[in-house]
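Accompanying notes for the structure given below.
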Amino acid sequence: MPTPPKTIEDLMARCNAIAGLTLGQLASSLEQAVPKNLLKDKGWVGQLIEHALGATGGSQAVVDFADLGIELKTLPINQQGKPLESTYVCVAPLTGVTGLEWQNSWVCEKLRHILWLPVLAERQIPLAERVIGNAFLWQPNSAQQQALQQDWEELMELISLGGIADIRGATGKYLQLRPKAANSKALTDAIGSQGQPIRTLPRGFYLKTNFTAAILQQQFSLSVE
DNA sequence: AGATGATCATCC
DNA sequence: GGATGATCATCT
């Protein structure tokens, strides 16, 4: 297991070292087997990259590079550089949320400083041949912060007022709430339409692709200056 | 085609 | 069950 990077420069150097490699090349240098597909290994790419960069935390509820305060997100993209999937942020609290403010929320905390690592990941490309892109650091600007806060407040208000059943993926412009569970039988406590306790599917916050696409575009336009 | 809702593996 | 890592697969 590699030691965690001590500085941001160290971290970025490690990113540079793996940029351009295929997942197969990186896996073999770490003596890891490449699964046939991601059907039963959906987190494989993220975990491979975490390992390569020396991320800590594992399944703990902390950012990946605790000393640097940086969260790592791999981002599957197509040839055109557009995200192929929404980006999971964190689980959503469904009870005891009255009085919770954006600034203190888990979403805000996680999105404070992200290391985005694009991976060319069109489904037609065999897993081992997918190419690691150029990682970049990102922090939300005030407009992005405000947009996310607005979505978050709308979603949290619905949750706290018993409107969770009315929330769907389309609720929220950039930040959405979707099921995040092992299967449809996993249930957790929430607030019903009459304010009564109910059991419902656990939910997670996700960044929609329109948001991550804008981040990539912003980064791209900066990098060709 | 793209997004929504559903699901998979693992660790504690 | 709930946290981590996400992508799959169906619907629109």
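A, B, ... follow the sequence lines: proteins, then strands. Residue 1 opens every chain. Please read all numbers here as calculations on a predicted model, not as lab measurements.
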Exercise for the section: Under the side-chain hydrogen bond (donor to acceptor under 3.5 Å, both in side chains) rule, collect the residues that match up with A/Asp67, sequence neighbours excluded. Expected result: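 A/Asp67: no side-chain hydrogen bond (donor to acceptor under 3.5 Å, both in side chains) contacts found.
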Problem - Residue list, side-chain hydrogen bond (donor to acceptor under 3.5 Å, both in side chains) with A/Glu85, at least two apart or on another chain - result: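 Checked A/Glu85 against side-chain hydrogen bond (donor to acceptor under 3.5 Å, both in side chains); zero matches.
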Handout entry: Partner set under ring pair (Phe, Tyr, Trp, His ring centres under 6.0 Å) for A/Trp102, not counting sequence neighbours
Key =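 A/Trp102 satisfies ring pair (Phe, Tyr, Trp, His ring centres under 6.0 Å) with A/Trp152 only.
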Problem - Nearest heavy atoms of A/Thr56 and A/Pro4, plus distance in Å - result: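 Result for this residue pair: CG2-CG, 3.6 Å.
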Problem - Divergence of helical axes at both termini of the helix from B/dA1-C/dT12 to B/dC12-C/dG1 - five pairs an end, 10° steps - result: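 The end axes of the helix from B/dA1-C/dT12 to B/dC12-C/dG1 are about 30° apart, to the nearest 10°.
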Practice task
State which residues pass salt bridge (Lys or Arg N to Asp or Glu O under 4.0 Å) with A/Asp189; sequence neighbours excluded, sorted by chain then number.
Solution key: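 Checked A/Asp189 against salt bridge (Lys or Arg N to Asp or Glu O under 4.0 Å); matches are A/Arg199.
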Exercise for the section: Using the closest heavy atom to pick a nucleotide of DNA chain B for each, name whichever of A/Asn183 or A/Lys82 lands nearer the 5' end. Expected result: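 Looking at the nearest nucleotide for each, A/Lys82 comes out on the 5' side.
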Exercise for the section: Tell me which of A/Ser184 and A/Thr171 sits closer to the 5' end of DNA chain B, going by the nucleotide each one is nearest to. Expected result: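 Per heavy-atom nearest nucleotide, the more 5' residue is A/Thr171.
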Problem - Pairs touching residues 153-171 of chain A that satisfy side chain to side chain donor-acceptor pair (under 3.5 Å), sequence neighbours left out - result: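 Of all non-adjacent pairs touching residues 153-171 of chain A, those that pass side chain to side chain donor-acceptor pair (under 3.5 Å) are A/Gln149-A/Glu153.
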Exercise for the section: Look at A/Lys185 and C/dG1 and indicate whether a side-chain polar atom (N or O) is within less than 4.0 Å of OP1 or OP2. Expected result: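 The answer is no; no side-chain N or O of A/Lys185 sits under 4.0 Å from OP1 or OP2.
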Practice task
Output yes when at least one side-chain N/O atom of A/Gln176 is less than 4.0 Å from OP1 or OP2 of B/dT4, else no.
Solution key: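 A/Gln176 to B/dT4 OP1/OP2: side-chain N or O found under 4.0 Å.
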Handout entry: Contacts of type side-chain contact (heavy atoms from CB on, under 4.5 Å), residue A/Pro35, not counting sequence neighbours
Key =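 For A/Pro35, the residues satisfying side-chain contact (heavy atoms from CB on, under 4.5 Å) (neighbours in sequence not counted) are A/Asp41, A/Trp44, A/Leu127.
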Exercise for the section: Check side-chain contact (heavy atoms from CB on, under 4.5 Å) between A/Arg112 and all other residues, then give those that pass, not counting sequence neighbours. Expected result: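 A/Arg112 satisfies side-chain contact (heavy atoms from CB on, under 4.5 Å) with A/Gln103, A/Cys108, A/Glu109 once adjacent residues are dropped.
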Result block: side-chain N/O donor-acceptor pairs under 3.5 angstrom for residues 86-96 of chain A, not counting sequence neighbours:
unit_1: A/Ser86; atom_1: OG; unit_2: A/Arg178; atom_2: NH1; d: 2.9
unit_1: A/Ser86; atom_1: OG; unit_2: A/Arg178; atom_2: NH2; d: 3.4
unit_1: A/Tyr88; atom_1: OH; unit_2: A/Val91; atom_2: N; d: 3.0

Exercise for the section: Please work out which residues in residues 149-156 of chain A have a non-hydrogen atom less than 4.0 Å from an atom of DNA chain B and list them by number. Expected result: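 Per residue number, the list is empty: none.
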Practice task
May I ask you to say what A/Leu187 touches in the nucleic acid, namely base, sugar-phosphate or nothing, with a heavy-atom cut-off under 4.0 Å?
Solution key: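 The answer is sugar-phosphate, as A/Leu187 gets under 4.0 Å only of primed atoms, P, OP1 or OP2.
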Handout entry: Exam field: side chain A/Asp151 to backbone A/Leu175, donor-acceptor pair closer than 3.5 Å
Key =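 Side chain of A/Asp151 to backbone of A/Leu175, a donor-acceptor pair under 3.5 Å: yes, one is there.
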Between [N] atom [atom2] and [X] atom [atom1], what is the distance in whole Å?
X: A/Arg203; N: B/dT4; atom1: CZ; atom2: C1'; value: 12 Å
X: A/His51; N: B/dC11; atom1: NE2; atom2: P; value: 14 Å
X: A/Tyr174; N: B/dA3; atom1: OH; atom2: P; value: 13 Å
X: A/Phe205; N: C/dT4; atom1: CZ; atom2: C1'; value: 17 Å

Please set out all donor-acceptor pairs under 3.5 angstrom arising from side-chain atoms of residues 200-216 of chain A, sequence neighbours excluded.
unit_1: A/Thr200; atom_1: OG1; unit_2: A/Arg203; atom_2: NH2; d: 2.8
unit_1: A/Arg203; atom_1: NE; unit_2: A/Leu201; atom_2: O; d: 2.7
unit_1: A/Tyr206; atom_1: OH; unit_2: A/Pro179; atom_2: O; d: 3.3
unit_1: A/Lys208; atom_1: NZ; unit_2: A/Gly172; atom_2: O; d: 3.2
unit_1: A/Asn210; atom_1: ND2; unit_2: A/Lys173; atom_2: O; d: 3.0
unit_1: A/Thr212; atom_1: OG1; unit_2: A/Thr209; atom_2: O; d: 3.3

Completion exercise
In B/S/- notation (B base, S sugar-phosphate only, - none; protein heavy atoms under 4.0 Å), nucleotides 6-12 of chain C written 5' to 3' is BBBB---
